[in-house]
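Let me begin by presenting the structure, written as structure tokens, before commenting on it.
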Amino acid sequence: MEKTLLAVSTACYLIKENKVLLIKFNKKWGQVYAPPGGKAKFGETPTECMIREYKEETGLILKNPKLKGISYWNWCGEESGIIYIYVVEGIDSYEGVLTPESDEGNLEWVDKNELSSIKQFDMNQKFQEYLWESGVFEGRFLLNSDDTVKEYMIRKI
């Protein structure tokens with residue numbers, strides 16, 4: 001029997017006043033924008049991971065996150081993972097003081113209408129429209145070595 005190992009990670013789009021809080025990476029991944037999140041630790045649920053990672057990267061504690069999507073990815077046939085994607089909306093949806101910088105990069109509030117014009121991961125660009133619709137989506141992404149999407153499928157579940 002063949003064993004399969006998947007990396008489990010999370011990402012969260014915090015929305016306030018029609019703006020989304022994103023990290024602009026300053027070293028890795030070529031200065032792309034992405035939502036805060038990260039890899040799960042052993043024994044952690046995806047929601048616990050997302051709340052922990054979000055606090056570590058932003059200083060904010062999220063309240064009542066909503067699961068918005070589950071995305072399977074495969075990178076060059078070598079690595080695979082699942083990302084649980086959350087959305088949190090509103091001024092009362094978090095507490096704490098925002099740290100403008102993290103080890104990963106600088107945090108910026110980006111207008112939702114400008115998301116398509118900033119440099120993001122190709123996979124995030126592809127599922128972005130589903131973030132604002134009702135329901136939950138599922139995606140499957142085959143990635144090239146430069147993290148661009150070679151092939152994908154997205155559907156509501």
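Along the sequence shown, residues are numbered consecutively beginning with 1. Source: prediction; values computed, not measured. Side chains included, hydrogens not; waters and symmetry mates left out as well; all remaining heavy atoms used.
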*Expected output: side-chain Thr58 to main-chain Tyr54 donor-acceptor under 3.5 Å*: yes
*Are the side chain of Trp73 and the backbone N or O of Leu142 linked by a donor-acceptor pair below 3.5 Å?*
no
*Just wondering, are more than 12 heavy atoms of other shown residues or ligands nearer than 6.0 Å to NZ in Lys16?*
yes
*Should the heavy atoms of other residues, nucleotides or ligands under 6.0 Å from CG of Asp146 be counted, would the total exceed 12?*
yes
*Classify the angle between the aromatic ring planes of Trp132 and Tyr13 as parallel (below 30°), tilted (30 to 60°) or perpendicular (above 60°).*
perpendicular
*Could you point out which residue of Glu53, Arg52, Met50 forms a side chain to side chain contact (heavy atoms under 4.5 Å, CB included) with Glu44?*
Arg52
*So Glu108 and Leu22, side chain to side chain contact (heavy atoms under 4.5 Å, CB included) or not? Walk me through it.*
CA-CA 5 Å; Glu108 294 182 26; Leu22 300 174; 5.7 Å; no
*Is the count of non-hydrogen atoms from other residues, nucleotides or ligands lying under 6.0 Å from Lys112 atom NZ greater than 12?*
yes
*Taking Glu89 for its side chain and Leu14 for its backbone only, find out whether a donor-acceptor pair lies under 3.5 Å.*
no
_Out of the candidates Asp122, Asn74, Ile154, only one should pair with Phe141 under the side chain to side chain contact (heavy atoms under 4.5 Å, CB included) rule; please name it._
Ile154
*Applying side chain to side chain contact (heavy atoms under 4.5 Å, CB included), run through Ile157 and Glu138 and close with a yes or a no.*
CA-CA 6 Å; Ile157 54 174; Glu138 172 184 64; 3.8 Å; yes
_Check Lys156 with Glu133, please: is the shortest side-chain N to carboxylate O separation under 4.0 Å?_
yes
*asked:* So for atom NZ, which belongs to Lys39, do other residues, nucleotides or ligands contribute more than 12 heavy atoms lying within a distance under 6.0 Å?
replied: no
*side chain to side chain contact (heavy atoms under 4.5 Å, CB included) evaluation trace for Asn18 with Asn113*: CA-CA 8 Å; Asn18 212 37; Asn113 298 325; 3.9 Å; yes
*Counting heavy atoms not belonging to Lys150, are there more than 12 under 6.0 Å from its NZ?*
no
*How about Phe127 and Phe137: are their ring centroids closer than 6.0 Å?*
yes
